[in-house]
Amino acid sequence: MTDYLCISEKPTAAKRIATALDERGKPKKLPVPRNFGRIPVWESMRNGDRIVTIPALGHLYSTVEDSAGGWHYPAFSYKWTPSYLANEKNKTRPFILAFKKFGKEISNVIIATDYDLEGEVIGATIAKFACGQDLANVKRMRFSTLTKSDIVNSFEHRDPSVNINLVNAGFARHEIDWLFGINLTRALTLSIKHATGRYKLITTGRVQGPTLRFVADRERDIQTFVPIPRWAIDARIDLDGDEIFIEYNKKFLPSLKEAEKVVAETTGRDGIVKEIGPRKITQKPPAPFNLGTLQSEAYRHFGYTPSRTLRAAETLYLNALISYPRTSSQQFTAAINHRDILTQLTKCDPYRVRANKLLAKSKLHPTFGKKKDPAHPPIHPTGKKLAGNLRNEERNLYNLIVCRYLAIFGEPSIKNGLRLDLKINDHIFYLRGMKVLKKGWLEFYTPFGRVDEVELPDLAVGDVVKLAYINHKQSYTQPPARYNPNSLLKKMEEQELGTKATRASTIDILYSRGYIEDESINATDLGFAVIDTLQKNSPDIISIELTRKLQREIEDIQAGKKSREAVLMESIVQLKKILEKFHKKEKIIGVTLEEQVQNLKQRQRILGKCPVCKQGELIITRSIRTKKRFVGCTGFYKKLCDWSAPIPQKGYAVPAKKNCKHCGFPMLTIRRKGKKPFTICPNWISCPGTPDEVIDNYRNNKAGALDAIVEEET
DNA sequence: GCAAGGTC
């Protein structure tokens, strides 16, 4: 009889591993000392052997500076330490305690984390630091799915030792990101501190840098864009008194002369229907959702930002309503029993009919996309009955996920795209129609797969129609569109920056640092200043090339062509030069950045034009006398306007960038820790939208009286 | 209060 200690990446996986390895499929939960906290330790029995499976919670160890003394740079000395020591909010202590306890009792250690680079690091740090193992003696299970057969197979054919090159490659990834991120962030932040004595956190890193640059580059493209004039033909025909728009066969004409020619040659003439061409369009059902496509679709249908979608999906996952959301996979494996899930869904009113329809099929073939993920299947409903405690956005997202899941079993849809060609003199115009011949999967994706059918007027080839109006219209070529949170995330995905689990939060960080702003994302002057500074002093950190190079080096370490130490030394040599440059230019860098920090702070206080004097701007400010925060007009200083109003004192107040629908005043948003942000009208005293009780409460000095003037959830 | 990467 042998004892094994099995290291798993997370609680859900641990349970499945323990269940698969237990002969009776019923692993025992082992008691852990109460002071460890709540942590599931599983015991499975197999062929007389005992397997103890303990989950991690992702990374339990991380890199921190290996010297005291606060912020300074260069900082090249780091060590691996328990994450709960590196960060107070981290809740991994009980997990490390459990691994330490059972690691002392059991010497046969098997790593059974996700089969990827980070999984290797998660397992190796635990085996080494918590269990005190020499990695050469640690075994490795490699599975591509968490199915019983894969788990059992990977246990029986486990690798005799971990792949040390792979572990070193993973360690190097963490360490290089730490070296670049910590040092450049400190260099930027300290430049302000040393030059002006002020503190403002200016961060950057391998992923933040290039992501900010995408936005800055796009903004520069827009600002330097030269619009070129072009002309379109605007035409309508008369059909029994109805005017119907027709398209010219060229969307735009490059010169006025050409446009005038078209108008001159068609004015006053009739058109003849030349051809009515049906074109069958077959559209296959979409691939199942992975996190990226879910975020994209949720943005399209509900306007949710990727990070909002991820948060809502996590809640659904923790309520066991959907599968693991941080997946890249668009391919189901045979392991998932779709018939079971669909049967469960028939118990839910909105899905009953559709699920039954699918169950009536003799075979269920889900679609698949290109992306794979060794650790997880695509996002799908579990079939568990919906509880009543979900928020609106979670319900919406759940509905989207279920409908998509139903749609992937559907038949292709067939549409008839109709085009009627109208000849007027020698010019061809189009009238387009669209008819759905067979709904197929679109029926299952309702309400998300709606197609607007456009009927063609009842015309036949040879019919003559009267031109009702024709003229040319000048317009201009358009600059490229700004990114929004969704398209920026897609760009990161395309460029392989960050991971599925981190991209949305990186974008949030750029917002919170004041580098980017608005839904239609533009770089702030501070964002530009950071990019300019880095461009001059450390161009690599804002280039995707750093990520490419890191990828190559990781591959080299994996292949045994390069050592982890050599790769790290290269980075340190490179950083040394960069940081010396920063040090020499600290003054000018600090002053430049601080100027933009102040500029940003100032701008972030302005709500908008004052509707009273129409000259000044409403600004969030503080009274010198009472120290209380209020909104006033900048016209006050010029003795133009003395409008002002009290606002809530707690929380973080920023311009809402929209106007009150009742009185037109520019509004402000208040964010308070742990609470939903709310938007209020500064003119609440006179605004018709303010409930009477708010005014009463305020007059009666009730605490938090102003909190009630909530415009809407933000 | 610093990175990026896991997970709850």
Side-chain angles (χ1 to χ4, degrees), chain A residues 7-14 37-40 55-65 70-75 78 80 83-84 86-96 113-114 116-126 169-193 199-212 291 310-311 313-320 324-327 375-376 492 496-510 512-514 541 546-547 550 554 571 575 673:
Chain A
I7 302 172
S8 164
E9 182 150 333
K10 50 185 162 276
T12 50
R38 287 160 61 94
I39 168 162
L57 207 61
H59 286 288
L60 299 188
Y61 291 83
S62 58
T63 41
V64 294
E65 187 158 20
W71 278 42
H72 58 83
Y73 74 93
Y78 56 82
W80 284 84
S83 304
Y84 71 85
N87 179 351
E88 280 178 13
K89 285 178 203 153
N90 192 289
K91 295 177 193 135
T92 55
R93 184 168 174 268
F95 294 84
I96 290 185
T113 50
D114 288 354
D116 53 31
L117 192 66
E118 295 302 326
E120 211 70 18
V121 175
I122 291 168
T125 47
I126 294 170
F171 276 38
R173 204 282 302 147
H174 280 250
E175 291 156 353
I176 288 176
D177 277 346
W178 186 89
L179 286 167
F180 273 90
I182 297 294
N183 278 289
L184 290 171
T185 293
R186 286 181 180 177
L188 289 166
T189 305
L190 289 174
S191 72
I192 295 184
K193 181 84 184 157
Y199 175 75
K200 164 75 170 91
L201 182 58
I202 306 285
T203 63
T204 193
R206 179 176 56 83
V207 180
Q208 280 185 40
T211 307
L212 175 59
L291 181 59
L310 178 54
R311 271 198 303 276
E314 266 166 0
T315 307
L316 293 173
Y317 166 67
L318 293 174
N319 280 298
Y324 187 72
R326 279 178 294 249
T327 173
H376 311 281
M492 293 173 79
E496 298 178 302
L497 272 177
T499 70
K500 56 196 182 288
T502 59
R503 287 180 190 119
S505 82
T506 299
I507 295 174
D508 283 354
I509 289 174
L510 297 182
S512 71
R513 301 282 184 255
I541 199 71
L546 188 61
T547 292
L550 182 64
I554 281 173
S571 292
L575 269 170
K673 221 178 180 179

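This is a predicted model, so every value here is computed, not measured. Reminder, nothing fancy here: chain letters follow the sequence lines and each chain counts from 1. Hydrogens, waters and symmetry mates are skipped; everything else that's a heavy atom, side chains included, is used.
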Of all nucleotides in DNA chain B that come within under 4.0 Å of a heavy atom of chain A, which is furthest toward the 5' end and which toward the 3' end?
B/dG1 to B/dC8
Pairwise 5' ranking along DNA chain B for A/Glu314 and A/Gly181, keeping only the more 5' one:
A/Gly181
Judged by nearest nucleotide, the residue sitting upstream toward the 5' end of DNA chain B, A/Asn90 or A/Ile182, is A/Ile182
Assign [X] to base, sugar-phosphate, or nothing according to its heavy-atom contacts below 4.0 angstrom with the strands shown.
| X | result |
| --- | --- |
| A/Arg206 | sugar-phosphate |
| A/Arg513 | sugar-phosphate |
| A/Tyr317 | sugar-phosphate |
| A/Gly119 | nothing |
| A/Thr499 | sugar-phosphate |
| A/Phe180 | nothing |
| A/Asp114 | sugar-phosphate |
| A/Tyr78 | nothing |
| A/Ser83 | nothing |

Suppose we screen for side-chain contact (heavy atoms from CB on, under 4.5 Å). Which residues come up paired with [X], at least two apart in sequence or across chains?
| X | result |
| --- | --- |
| A/Thr189 | A/Trp71, A/Thr185, A/Tyr199, A/Leu201, A/Ile202 |
| A/Ala169 | A/Leu117, A/Ile554, A/Ile557, A/Gln558 |
| A/Asp116 | A/Asp114, A/Glu118 |
| A/Pro55 | A/Pro11, A/Ala14, A/Pro40, A/Phe95 |

Taking ring pair (Phe, Tyr, Trp, His ring centres under 6.0 Å) as the definition, give me every residue that meets it alongside A/Tyr324, ordered by chain and number, with sequence neighbours left out.
A/Tyr317, A/His376
Short N-O contact, A/Arg173 and A/Glu120, less than 4.0 angstrom:
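A/Glu120 and A/Arg173: not salt-bridged.
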I want to know whether A/Trp80 and A/Tyr61 have ring centres closer than 6.0 Å.
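Centroid distance A/Trp80-A/Tyr61: not below 6.0 Å, so no.
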